[in-house]
Amino acid sequence: MDKVQNNKAWFLVLPVLVLVAFSAVIPLMTVVNYSVQDTFGNNVFFWEGLGWFKEVLTSSRIHGALGRQLAFSGLILAIQIPLGIAIALCMPKRGFWASVCLVLMALPLLIPWNVVGTIWQILGRTDIGLLGHTLAGLGVDWNYSRNPVHAWIIVVTMDVWHWTSLVALLAYAGLQSIPQAYYQAAKIDQASRWKVFRYIELPKMRGVLLIAILLRFMDSFMIYTEPFVVTGGGPGSATSFLSIDLVKMALGQFDLGPAAAFSIMYFLVILLVSWVFYTVMTNLDRVEVK
Amino acid sequence: MARITLENLAHSYLPRPQGEEDYALKQLDHVWNDGEAYALLGASGCGKTTLLNIISGLLKPSRGRILFGDEDVTQKDTVGRNIAQVFQFPVVYDTMTVHDNLAFPLRNRGMDATYVAQRVQKIAEMIGMEDVLRRKASGLTADAKQKISLGRGMVREDVNAILFDEPLTVIDPHMKWELRTQLKALHNEFGHTMIYVTHDQTEALTFADRVVVMHDGRVVQLGTPTELFERPEHTFVGYFIGSPGMNLLEAEVSGDMATCAGHAVPLGARYAPLSGRVQIGVRPEFVSLATGDEGLPVTIRRIEDVGRHQILRAEFAGQPINAILPEETPIPADAHRLKFDPARVGVYVDDWRVTPQHSVVTSQKEAV
């Protein structure tokens, strides 16, 4: 009844507000600010309205980068998710070798992005790289800095090498949490290995796989460092994904307005696609019930 | 369907078992007759589940053989043995409907679709789930899921046996009784060999024709509920079956007389000299109040009136003694002596019942 109303407690939220504003909101707003203005230097800005957005939306250069980006992310998911699950299924469930596998699997995840790029940049070279040299020795005309297909092969292989373990570790954790009784019941019901996977392992891994897909999608959609180090976006623009193109535009050409409009749309696309993924996957179940 | 024979069976979960204590299942020879309903009774951790898993093929025994009829199936897997097993906790296939869950074992055996549909319908009626057949199994309650597990266990008609591993633990009491009746009906109808694991004696005694009691990795007795009650072969059976369990007193036995802490207790038979730890055992049902100098002097601790009868809890020389007295028996305030029906007193050496040389008094029932 005599509840004391004291709204001063809201001040306790203030430090967080200040921190978030400083680290996220204000920088983002600066980008918004750039996206609606034009400048010819000397910090003199002119109002541009939605002009840059219109330009970016119709730019064939950005369409190309988006297309390559979607193809890259699609390819990455199509390879890493099944491969990760397959590795997790093959890993020993317990004992010494389980620990050995876990440590080995975690190793690629611990290497910094630009180091991964450097490793593969060197590995793929025909003069000093083991992979490139071997391929050349086998009679393949291998040159990832001139041949777009080779460039794609090396970028995709590198990402698979770097990140498949993440999927495998998540899937492994999902598998480990399945109670033994399910496997026993399936044996009693005389289910085949495929049916055990289809009706027990896959449904029980759904939660972790959803996280794996989301993480891998977002990460691969924002990939920058590794392809930048290995191919620099080339040959031509064959491996210029969205980030690489964005950096070229913002820092190479110093087109702040279009680059700002581009980043905002880039951000919205990631948000949208992640939301769609999440909603679709969490609702799959409910739809089936009806 | 076939008779199931266990020959020299033993199992250890350790790769190199040393002594007997390393075995979860000690040396075992046993025959499960075709078409009988057995209850496997024992405390938690006594090897019941291990034994079931060995019979169904989930586990390979460390030693010994398993025969179905005359065929050695020791090396065969679950598919080769075709046995149904229901586990303690519900296992359902989440992404399937109730119907598909029930149909799963049949489809895995490649049964014809019309037969599957008809059989699933029948089982659904039996477990009372016809109206939810189209629902996803994942959204159901724990006891509904367990009913599905039971249904999956019963759906195959051609199984060699159906094993139940404490299947009614998660089911509520009312449904428990009903399902047990259903299982019994199913047994009468199809005549499958059934082995029903439980640690609940009421469940065991109402379900089965024959009860197997296990203790510490060993089968200590196989018999009808009456046999287990009247002639427990092992002190564990005496203690585990009956409520309260059998009274056990440290004793010395010579001839047809036992001496407990200086007091004489007449026995119903004459025994050869015994060595080892000797105890006498008598069920509380055969203990009554005594007057005068008869019987053993005890200290009465409390009397529990449970409706049909009263339980008298007393102590004799530091050991508990219980007696079950008829509801109408008056218990005088100065009562302090209990006596045993000599014909119902058993003698145990190192926990195992000893056969007397010849009987002196016969119990009234046997005399008739």
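Here is the naming used below: chain letters follow the sequence lines, and residue numbers restart at 1 for every chain.
Atom CG of B/Asp70 has 12 or fewer neighbouring heavy atoms from other residues, nucleotides or ligands inside a 6.0 Å radius. Within 6.0 Å of the CZ atom in B/Phe68, the count of heavy atoms belonging to other residues, nucleotides or ligands exceeds 12. Counting non-hydrogen atoms of other residues, nucleotides and ligands closer than 6.0 Å to OH of A/Tyr278 gives a total of 12 or fewer. For CZ of B/Arg16, the number of neighbouring non-hydrogen atoms (other residues, nucleotides, ligands) closer than 6.0 Å is 12 at most. More than 12 non-hydrogen atoms from other residues, nucleotides or ligands lie less than 6.0 angstrom from OH of B/Tyr115. For B/Gln75, the CD atom counts as loosely surrounded, since its 6.0 Å shell holds 12 or fewer non-hydrogen atoms of other residues, nucleotides or ligands.
Between B/Asn53 and A/Gln184, the closest side-chain pair of non-hydrogen atoms falls below 4.5 Å. Between B/Arg156 and A/Asp189, the closest side-chain pair of non-hydrogen atoms falls below 4.5 Å. Considering only heavy atoms from C-beta on, B/Leu58 comes within 4.5 Å of A/Lys187 through its side chain.
For the atom pair NZ (A/Lys204) and OH (B/Tyr93), the distance works out to 11.0 Å, reported to the nearest 0.5 Å.
Of the atoms belonging to A/Ile200, it is side-chain heavy atoms, and not backbone ones, that fall under 4.5 Å from chain B. For a residue to count as touching a neighbouring chain, one of its non-hydrogen atoms must lie under 4.5 Å from one of that chain's; by this rule B/Val92 touches chain A with the backbone only.
Contact count against chain A (heavy-atom pairs under 4.5 Å) is highest for B/Asn108 among B/Thr97, B/Val91, B/Leu163, B/Asn108.
The minimum heavy-atom distance linking A/Tyr182 with B/Pro90 is given by the pair OH-O, 4.5 Å.
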